[in-house]
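All of these numbers come straight from a predicted model, not from anything done at the bench. Residue indices begin at 1 and follow the sequence shown.
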Amino acid sequence: VFYKNIINMSKKINFLDKHIIESSVLTFGNFDGIHIGHDKLISTLIKKSKLVKSKSVLLTFNPHTREVINPNDNIDSITSHEIKINILNSYKLDYIVTINFDNQFKEISCDVFVDKLIEKYNPKIIIIGYDNKFGHRGMGDYRFLINYLKDKNIEIIKFPTLKVND
């Protein structure tokens, strides 16, 4: 069920194939309107991946998760998915994964989502934004990752909110 919701990933790898990344540093989120906070998070992701000799992996959603979760809210994305991917490609990430976020995908629990990330990408480090919520009803967050992965030898980094002078 989880796999058929993935539409594509740059570098000719997707969830439907048998490709497994041996070791990664990963992040996931909407990344709408790539702003300075996203820029610093992505730069940190790339630096950390080089430091631990792993692949940099960024997962993003299409459409924006709020468009599916709250369809009556008239959410306007800051950038189209195509423009977002073009901007992300400029960072020279090893992999960009697009997850087709639909009504079926929104039902996936946070633990199943994380298990799939581990199975596919073998992360040494997971970096998430300070306000990142994931899984069914947004039950997953930084605290969930810390508790759920405490025995997995995966470093979890909560990227802080940035102030104007940062």
Side-chain angles (χ1 to χ4, degrees), residues 1-17 19-21 24-49 54-71 73 75-110 112-123 125-142 144-145 154 156-159 161-162:
V1 173
F2 181 87
Y3 291 113
K4 77 177 203 171
N5 289 304
I6 306 304
I7 45 179
N8 69 349
M9 186 172 20
S10 67
K11 315 294 187 199
K12 297 187 182 0
I13 295 172
N14 63 52
F15 253 47
L16 298 175
D17 67 22
H19 189 91
I20 301 288
I21 295 174
S24 75
V25 176
L26 72 81
T27 191
F28 55 89
N30 282 300
F31 294 96
D32 186 27
I34 316 279
H35 54 66
I36 193 162
H38 292 140
D39 179 72
K40 289 190 180 292
L41 187 151
I42 294 165
S43 296
T44 299
L45 173 81
I46 293 167
K47 284 179 196 156
K48 293 263 185 202
S49 69
S54 296
K55 300 295 183 186
S56 57
V57 177
L58 182 146
L59 295 96
T60 190
F61 304 95
N62 186 39
H64 193 293
T65 55
R66 287 186 310 208
E67 289 180 35
V68 175
I69 294 168
N70 301 311
D73 282 359
I75 313 266
D76 286 327
S77 292
I78 298 168
T79 53
S80 70
H81 185 69
E82 184 178 324
I83 290 171
K84 172 174 63 174
I85 295 302
N86 287 337
I87 294 167
L88 291 172
N89 275 327
S90 73
Y91 284 93
K92 309 282 190 273
L93 291 151
D94 292 310
Y95 300 98
I96 299 169
V97 182
T98 298
I99 297 174
N100 180 20
F101 195 84
D102 59 16
N103 284 315
Q104 187 176 7
F105 195 90
K106 81 175 185 180
E107 299 298 321
I108 294 173
S109 65
C110 49
V112 169
F113 179 66
V114 171
D115 289 346
K116 294 296 180 186
L117 294 179
I118 292 168
E119 176 186 314
K120 187 77 178 160
Y121 304 112
N122 297 298
I125 302 171
I126 297 174
I127 304 172
I128 62 169
Y130 69 94
D131 60 350
N132 189 312
K133 302 272 191 221
F134 58 92
H136 184 64
R137 299 184 186 241
M139 299 301 288
D141 60 7
Y142 172 76
F144 167 80
L145 286 173
I154 299 171
I156 310 300
I157 298 172
K158 179 166 75 169
F159 208 77
T161 183
L162 293 179

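Closest heavy-atom contact between I21 and S24: CG2-CB, 4.1 Å. The two residues H136 and E107 have their closest heavy-atom pair at CE1-OE1, 2.9 Å. Nearest heavy atoms, K158 versus Y130: CG-CA, 3.7 Å. Nearest heavy-atom pair, K55 versus D94, reported as atom, atom and distance to 0.1 Å: CA-OD2, 3.3 Å. Scanning all heavy atoms of the two residues, the minimum distance from D32 to H38 falls at O-CE1, 3.6 Å.
Considering only heavy atoms from C-beta on, V25 comes within 4.5 Å of I127 through its side chain. Side-chain contact between L145 and F134: present, with at least one pair of heavy atoms (C-beta onward) separated by less than 4.5 Å. Residues R66 and D73 fail the side-chain proximity criterion, which asks for heavy atoms closer than 4.5 Å. The shortest distance between side-chain heavy atoms of V97 and Y121 falls below 4.5 Å.
Side chains of T98 and N62: a donor-acceptor N/O pair is absent below 3.5 angstrom, by distance only.
In summary, the aromatic rings of F113 and F28 are positioned with their centroids under 6.0 Å apart.
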I128 vs Y142, side-chain contact (heavy atoms from CB on, under 4.5 Å): CA-CA, chis, key distance, verdict: CA-CA 7 Å; I128 62 169; Y142 172 76; 4.0 Å; yes
Criterion side-chain contact (heavy atoms from CB on, under 4.5 Å) on F144 and M139, from CA distance to verdict: CA-CA 8 Å; F144 167 80; M139 299 301 288; over 6 Å; no
Criterion side-chain contact (heavy atoms from CB on, under 4.5 Å) on I157 and T44, from CA distance to verdict: CA-CA 10 Å; I157 298 172; T44 299; 5.6 Å; no
Residue pair F101, I69: steps toward the side-chain contact (heavy atoms from CB on, under 4.5 Å) verdict: CA-CA 9 Å; F101 195 84; I69 294 168; 4.0 Å; yes
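Each of I83, I87, L41, T79 was evaluated against I34; a single residue qualifies, I87, per the side chain to side chain contact (heavy atoms under 4.5 Å, CB included) test. For the side chain to side chain contact (heavy atoms under 4.5 Å, CB included) test with P123, the passing option among I154, V57, T27, I156 is I154; the others fail.
A side-chain donor-acceptor contact under 3.5 Å links S49 to the backbone of I46. Panel note: side chain N122, backbone I20; no donor-acceptor pair is recorded below 3.5 Å. A donor-acceptor pair is defined here as one N or O able to donate and one able to accept, closer than 3.5 Å; such a pair exists between the side chain of K84 and the backbone of N30.
A distance of 9.5 Å separates NE2 of H81 from CG of N100, quoted to the nearest 0.5 Å. Interatomic distance, CD1 of I96 versus OG of S56, reported as 8.5 Å (0.5 Å rounding). Atom SG in C110 sits 11.0 Å away from atom NZ in K133 (nearest 0.5 Å). Rounded to the nearest 0.5 angstrom, L58 CG and F31 CZ are separated by 4.0 Å. In this structure, T65 OG1 and F105 CZ are separated by 10.5 Å, a value rounded to the nearest 0.5 Å. Note that CG of L45 is 6.0 Å distant from CG of L93, once rounded to the nearest 0.5 Å.
Within 6.0 Å of atom NZ in K48, 12 or fewer heavy atoms from other residues, nucleotides or ligands are found, so the atom counts as exposed in its surroundings.
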